[in-house]
Protein chains: 2
Amino acid sequence: MESKEQPPEGRAAAERAASAISAAIRDSRFGPGQRLVEPELARLLGLGRGPVREALRLLSAQGLVTIERNKGAVVSRASRAMVAEVFEMRELVEGLAARRAARRVAERGCPAALLAALRDEEARCAESDPLTLIDANERLHQLIASAGGGDVARRTLTHLQLPELRTRFFQIMSPRNWRLSREDHVAVLRAVIAGDHDRAEQAMRTHVRRTASLLAELPEGTFP
Amino acid sequence: MESKEQPPEGRAAAERAASAISAAIRDSRFGPGQRLVEPELARLLGLGRGPVREALRLLSAQGLVTIERNKGAVVSRASRAMVAEVFEMRELVEGLAARRAARRVAERGCPAALLAALRDEEARCAESDPLTLIDANERLHQLIASAGGGDVARRTLTHLQLPELRTRFFQIMSPRNWRLSREDHVAVLRAVIAGDHDRAEQAMRTHVRRTASLLAELPEGTFP
DNA sequence: GTTGACGGAAATGTTAGCAATCATGTAAGC
DNA sequence: GCTTACATGATTGCTAACATTTCCGTCAAC
């Protein structure tokens, strides 16, 4: 995940640990059910157990790991039902975020970041590197979640993570689906920039639902 | 501080610290903006800085405290706009939770806890002790959030807390409003028990919106 | 009088080490 | 042969101490 992040120095140890572990989980290098043993991670990351422990608690709040008292942390095992539930929730949360973003644009004008995002999406060609596309997708969703003013929406979103995210995206995102996704993004951004909150919310909900239904069509046995 | 909690022993120190601090914040004994100094809390609670630190991080995820790097934790300062945003979000989240609960009842029958909750609500008289009413209200919302099956809804709700909750309730909940609230609860529970997910969601959203509008009518200067 | 730098105190970030708890494998008993 | 009791190892929970950063008051200089 921090392929292009800052050099490890300059950030706090706990944050480094959190990003590193989070990246490993979302890239499926740490698979569901895998135990995350504190001393082991500490040795791997070259720091003490304190920051690792803190990072694991943080990831637990985000839903990426599950912690049991006196038993330690395990990478969360997301059943099909849980994936559905998370996306049911994301549809509401991201829909509301888009609505709030549009409202804010209507009231205070459009921040440059949204215009830039729209240009990026329109210019993007679906044949790019999938990893780049995945990163850009995440950044866009974060941007819209933050564009509404408060940070309740963004915070809520970060608590709705799923493990193996990137692997799942590789499975469902054919070039055709990337094109559809791009069109969704453009529609959402246009509605937000136009300040049309109803259309913005609807567009975002449609987009999230599309992703959810792609995930739902994954073959049996993909989820534990 | 932990008025009717379990005897402090038997639970982990970090959890004790979290409940104690959380209770103090929601009861306005720690007011918005107040610094929460780790060594001080540790001394107060009779334990080391480790568990206190962990508790503060947890409360930060719940929105009750705000942590800045190298600066420490302060009780969150919820502006009027932030309260509105949180309740906008809660309306969606709790509405979905009620819908999921109703769906589950329709599929698998009604758990006894819901029937008991309905009996309790119907039997409750609005003249009870306000603290009891507040606690019962929280328990009911938690129950419905948990009744949908997965725990994504419940987890999401716990991340949408506000400081000074009890004080605000004391301000807005006149006997008349408690009666209305009770009627809302009964309506939600009846819809859930009947397995009518549309009505359940609508009833819950109406209920949350009522609370939000009561909070919105608080006099100027109530929020920072 | 105001601004700036400097120094000390306090709080946070981090590490290392000890105590308590849980899992595992082994051996004894039925 | 299967179950149960037990001992050992490993891991988590917690505390205490160290390092680093920030904040605040003081003092000098302009």
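To find a chain, count down the sequence lines: A is the first, B the second, and so on, and within it residues start at 1.
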Check your understanding: Are any of the side-chain nitrogens in B/Glu88 or B/Arg209 under 4.0 Å away from the carboxylate oxygens of its partner?
Key -> no
Check your understanding: Would A/Gln171 and A/Arg168 count as having a side-chain donor-acceptor pair, cut-off 3.5 Å?
Key -> yes
Practice item. Could you label the plane-to-plane angle of the B/His185 and B/His141 rings as parallel, tilted or perpendicular, counting under 30° as parallel and over 60° as perpendicular? Key: perpendicular
Review point. Is there a donor-acceptor pair closer than 3.5 Å between any side-chain N or O of A/Ser76 and the backbone N or O of A/Gly63?
Key: yes
Revision key, fill the gap. Heavy-atom nearest pair, B/Val86 first then B/Leu160, reads CG1-O, 3.6 Å
Point to revise | Heavy-atom pair of closest approach, residues A/Asp27 and A/Thr167 | key: O-OG1, 3.9 Å
Point to revise | Electrostatic pair A/Arg57-A/Glu54, nearest N-O below 4.0 angstrom | key: no
Point to revise | Range on DNA chain C touched by chain B, heavy atoms, distance below 4.0 Å | key: C/dA11 to C/dT14
Please list each protein N or O that sits under 3.5 Å from an N or O in nucleotides 12-16 of chain D, with the distance.
residue, atom, partner, partner atom, Å
D/dT12, OP2, A/Glu38, N, 3.3
D/dG13, OP1, A/Asn70, N, 3.2
D/dG13, OP2, A/Arg53, NH1, 2.6
D/dG13, OP2, A/Arg53, NH2, 3.0
D/dG13, OP2, A/Arg57, NH2, 2.9
D/dG13, N7, A/Arg49, NH2, 3.0
D/dG13, O6, A/Arg49, NH1, 3.2
D/dC14, OP1, B/Ala13, N, 2.5
D/dT15, OP2, B/Gly48, N, 2.8

